[in-house]
Q: 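Here's a structure for you.
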Amino acid sequence: MRQRSRTESNILPSAVELFEFQGRKLYIKRDDLLDEDLSGNKFRKLYSLLNTPKIQYKRILSYGGNQSNAMASIAALCKRKGWEFIYITKELSATLKQNPTGNLEAALSDGMKLIEVTHDAYREVVQSLYSPTPDSRIQVNEDDLVLAQGGADLGAKEGVELLAEEIKVWQIEHNIEKLTVVTPSGTGTTAYFLAAAMPDITVLTTPLIGTKTYLIEQMHYLGPLPKNLQILETEKRYRFAKMYPEYLELYQKLLRQGVEIDLLYAPKTLIALYKELNWIEGDILYVHSGGLKGNLSMIERYRHKGFI
């Protein structure tokens with residue numbers, strides 16, 4: 001096992017607790033409790049940057065959705081480090097511009113500088129971040145770091161491998177012979193590196209943004225798919241960031257057990273897991289991916305639509 005560096009947080013490893021899911025006892029790794037601003041998989045993905053000297057960068061540039069968990073986490077990280085944070089997203093609605101909520105509000109309050117581009121220009125502007133011919137709207141300098149959407153970057157490997165070490169140590173300490181680890185996937189970065197670091201443990205994940213095919217394409221940017229990585233899909237098609245009564249019901253049910261899950265990633269993953277429960281041997285560990293700040297705006301949306 002790798003020796004922990006002096007700069008590592010003393011909040012590691014994250015705790016593991018028991019909870020009940022559809023009549024079966026499951027373990028949950030509480031990565032959501034690691035850090036108030038950098039929780040869950042974002043803590044793991046940004047772990048190497050947490051331990052990067054402040055003088056190494058002046059600016060971090062990234063891009064994605066206007067309520068992205070990664071956006072809010074990177075903004076919090078940059079505030080701590082004293083780095084400028086530039087974020088590119090598609091044009092905001094008039095309502096959101098006038099009244100920022102959720103992750104967008106948190107990121108802006110942490111000093112994020114937002115660049116809005118049209119839907120048609122978005123792809124071109126993002127690609128220019130990696131091009132020797134920059135877009136006129138943004139200039140990438142030598143002391144800048146460009147982070148891919150959702151933190152899907154090779155730099156995430158270190159933090160996720162540390163998570164894998166924690167899981168393996170916990171498995172040995174609790175004499176668990178057969179273990180299945182479950183984690184949601186946006187870009188698939190966490191699931192990919194987790195499976196690669198634990199070849200003897202099955203890792204299950206669910207595509208939250210797009211299809212299984214799209215998720216596999218994203219993972220292939222990181223390397224060949226690990227053989228122990230399995231992708232589960234739901235029978236019903238769920239669209240990302242949309243509201244569903246079964247999502248809210250699952251959220252409320254686990255909340256009564258003292259576990260708050262995020263309303264974007266966790267519900268679909270747990271619904272996909274439910275139909276597999278009878279076929280999974282041994283113990284199951286669900287890795288909480290954090291992202292709870294986004295629940296504020298999602299709960300308000302459920303309330304506005306009359307679900308609450």
Q: Answer yes or no: are there more than 12 heavy-atom neighbours, outside Phe307 itself, under 6.0 Å from its atom CZ?
A: yes

Q: How long is the straight-line distance from CD1 of Ile167 back to CG of Leu179, given to the nearest 0.5 Å?
A: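 Answer rounded to 0.5 Å: 7.5 Å.
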
Q: Measure the shortest side-chain to side-chain distance between Lys42 and Asp35 over non-hydrogen atoms and say whether it is less than 4.5 angstrom.
A: no

Q: Might you point out which heavy atoms bring Glu20 and Gly23 nearest each other, and give the distance in Å?
A: OE2-CA, 3.8 Å

Q: Should we count CG of Leu18 as having more than 12 external heavy atoms under 6.0 Å?
A: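 Buried by this count: over 12 neighbours within 6.0 Å.
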
Q: Please find the pair of heavy atoms, one from Met298 and one from Ala241, that lie closest to each other, and give the distance.
A: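 Distance-wise, the nearest heavy atoms are CE-O, 4.4 Å.
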
Q: Give the C-alpha distance, both sets of side-chain angles, the deciding distance and a yes or no for side-chain contact (heavy atoms from CB on, under 4.5 Å) between Leu77 and Ile60.
A: CA-CA 10 Å; Leu77 171 66; Ile60 305 295; over 6 Å; no

Q: Any donor-acceptor pair under 3.5 Å linking the side chain of Ser109 with the backbone of Ala106?
A: yes

Q: Would you find a donor on one side and an acceptor on the other, under 3.5 Å apart, between the side chain of Gln149 and the backbone of Tyr63?
A: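 Absent.
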
Q: Strictly by modelled atom types, are Ser297 and Thr101 linked by a side-chain donor-acceptor pair under 3.5 Å?
A: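 Note: Ser297 and Thr101 side chains miss the donor-acceptor criterion.
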
Q: Just wondering, are more than 12 heavy atoms of other shown residues or ligands nearer than 6.0 Å to CD in Glu177?
A: no

Q: Any heavy-atom pair between the side chains of Lys79 and Phe85 that's under 4.5 Å?
A: no

Q: Starting from the C-alpha separation in whole Å, work towards a yes-or-no answer on side-chain contact (heavy atoms from CB on, under 4.5 Å) for Glu260 and Asn295.
A: CA-CA 9 Å; Glu260 182 180 7; Asn295 282 351; 2.9 Å; yes

Q: Can you find a heavy atom in the side chain of Ile88 that is under 4.5 Å from one in the side chain of Leu114?
A: no

Q: So do the side chains of Leu162 and Tyr47 get within less than 4.5 Å of each other, counting heavy atoms only?
A: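 Yes, their side chains come closer than 4.5 Å.
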
Q: Applying a strict under-4.5 Å side-chain criterion to I, L, V, M, F, W and Y, I'd like to know whether Leu250 and Leu204 cluster together.
A: yes

Q: Between Asp37 and Arg80, is there a side-chain N and carboxylate O pair less than 4.0 Å apart?
A: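 Answer for the salt bridge query: yes.
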
Q: Report, as yes or no, whether the 6.0 Å neighbourhood of atom NZ on Lys275 holds more than 12 heavy atoms from other residues, nucleotides or ligands.
A: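 Yes, enclosed.
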
Q: Determine whether Val287 and Ile28 fall in the same hydrophobic cluster, where Ile, Leu, Val, Met, Phe, Trp and Tyr are linked whenever their side-chain heavy atoms lie under 4.5 Å apart.
A: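 Per the 4.5 Å side-chain linkage, Val287 and Ile28 are not co-clustered.
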
Q: Once side-chain contact (heavy atoms from CB on, under 4.5 Å) is applied, do any residues pair with Ser14, and if so which ones, sequence neighbours excluded?
A: Lys29, Asp31, Leu34, Arg44, Glu166

Q: Work out which heavy atom in Phe43 is nearest to a heavy atom in Leu38; give both atom names and the distance.
A: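 Heavy atoms of Phe43 and Leu38 come nearest at CB-O, 2.9 Å.
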
Q: Checking ring pair (Phe, Tyr, Trp, His ring centres under 6.0 Å) against Tyr27, which of Trp170, Phe19, Phe21 comes through?
A: Trp170

Q: So, do Asp262 and Asp32 sit near enough that their side-chain heavy atoms are less than 4.5 Å apart?
A: no

Q: Between Tyr265 and Phe240, does a ring pair (Phe, Tyr, Trp, His ring centres under 6.0 Å) hold up when you go through it step by step?
A: CA-CA 8 Å; Tyr265 289 85; Phe240 184 68; 5.5 Å; yes

Q: Between Glu17 and Arg30 (salt bridge meaning N to carboxylate O under 4.0 Å), is one present in this structure?
A: yes

Q: If you round to the nearest 0.5 Å, how far is CE of Met243 from CZ of Arg239?
A: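 Arg239 CZ to Met243 CE: 12.5 Å, rounded to 0.5 Å.
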
Q: For Trp83 versus Lys54, what's the shortest heavy-atom pair and its separation?
A: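 Heavy atoms only, the tightest pair is NE1-O, 2.8 Å.
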
Q: Once the angle between the rings of His288 and Tyr286 is folded into 0 to 90°, is it parallel (under 30°), tilted (30 to 60°) or perpendicular (over 60°)?
A: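 Plane angle over 60°, so perpendicular.
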
Q: More than 12 foreign heavy atoms under 6.0 Å from NZ of Lys157: is that the case here?
A: no

Q: Examine distances only and state if a side-chain atom of Lys81 and a backbone atom of Leu50 form a donor-acceptor pair shorter than 3.5 Å.
A: yes

Q: Find the distance between CD (Gln139) and OG (Ser128) and round it off to the nearest 0.5 Å.
A: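 The distance works out to 9.5 Å.
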
Q: Step through the shown structure and confirm whether more than 12 heavy atoms of other residues, nucleotides or ligands are within 6.0 Å of CD on Glu281.
A: no

Q: Kindly indicate, with the supporting measurements, whether the criterion side-chain contact (heavy atoms from CB on, under 4.5 Å) is fulfilled by Ile261 and Leu263.
A: CA-CA 6 Å; Ile261 58 174; Leu263 279 160; 6.0 Å; no

Q: Side-chain heavy atoms under 4.5 angstrom apart, residues restricted to Ile, Leu, Val, Met, Phe, Trp, Tyr: same cluster for Leu285 and Val259?
A: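 Leu285 does not cluster with Val259.
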
Q: Determine, stepwise, if the pair Asn103 / Asn69 fulfils side-chain contact (heavy atoms from CB on, under 4.5 Å).
A: CA-CA 6 Å; Asn103 285 330; Asn69 291 330; 2.8 Å; yes

Q: In Å, rounded to the nearest 0.5 Å, how long is the span from CD of Glu300 to NZ of Lys305?
A: 12.5 Å

Q: So which heavy atom on Thr89 is nearest to which on Gly65, and how close?
A: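 Minimum heavy-atom separation between Thr89 and Gly65: OG1-C, 3.8 Å.
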
Q: For the residue pair Tyr122 / Glu91, report whether a side-chain donor-acceptor contact shorter than 3.5 Å exists.
A: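 Judged by distance alone, the side chains do not pair up.
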
Q: Looking at Lys58 and Glu84, is there a salt bridge between them, counting it only when a charged N and a carboxylate O are closer than 4.0 Å?
A: no

Q: Would you say the side-chain atoms of Thr183 pair up with the backbone N or O of Thr205, donor to acceptor, closer than 3.5 Å?
A: no

Q: Is any side-chain heavy atom of Glu165 closer than 4.5 Å to one of Met198?
A: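 In short, these two side chains do not touch, never coming nearer than 4.5 Å.
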
Q: What distance do Leu96 atom CG and Leu104 atom CG have between them, rounded to the nearest 0.5 Å?
A: 5.0 Å

Q: Ignoring hydrogens and angles, tell me if any N or O in the side chain of Ser68 forms a donor-acceptor pair with the backbone of Gly64 under 3.5 Å.
A: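 Not a single qualifying donor-acceptor pair exists.
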
Q: Do Met219 and Ser185 touch side chain to side chain, with heavy atoms closer than 4.5 Å?
A: yes

Q: Val203 and Ala195: which non-hydrogen atoms are nearest, and at how many Å?
A: CG2-CA, 3.7 Å

Q: With a 4.5 Å cut-off on side-chain heavy atoms, are Val181 and Thr202 touching?
A: no

Q: Got a sec, which residues hit side-chain contact (heavy atoms from CB on, under 4.5 Å) with Glu246, two or more places apart in sequence or on another chain?
A: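 For Glu246, the residues satisfying side-chain contact (heavy atoms from CB on, under 4.5 Å) (neighbours in sequence not counted) are Lys236, Tyr238, Tyr244, Ile271.
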
Q: Out of curiosity, does Ile201 fall in the hydrophobic cluster containing Val182 (side-chain heavy atoms, cut-off under 4.5 Å, transitive links)?
A: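 Not linked; separate clusters.
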
Q: In this structure, would Ile209 and Ile216 fall into the same cluster of hydrophobic residues linked by side-chain contacts under 4.5 Å?
A: no

Q: Would the distance check show the side chain of Lys168 and the main-chain N or O of Ala197 forming a donor-acceptor pair, the cut-off being under 3.5 Å?
A: yes

Q: Nearest 0.5 Å, what's the CG-CG distance between Leu145 and Leu49?
A: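 Here the interatomic distance stands at 6.0 Å.
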
Q: Side chains of Thr189 and Thr187 only: does a donor on one sit below 3.5 Å from an acceptor on the other?
A: yes

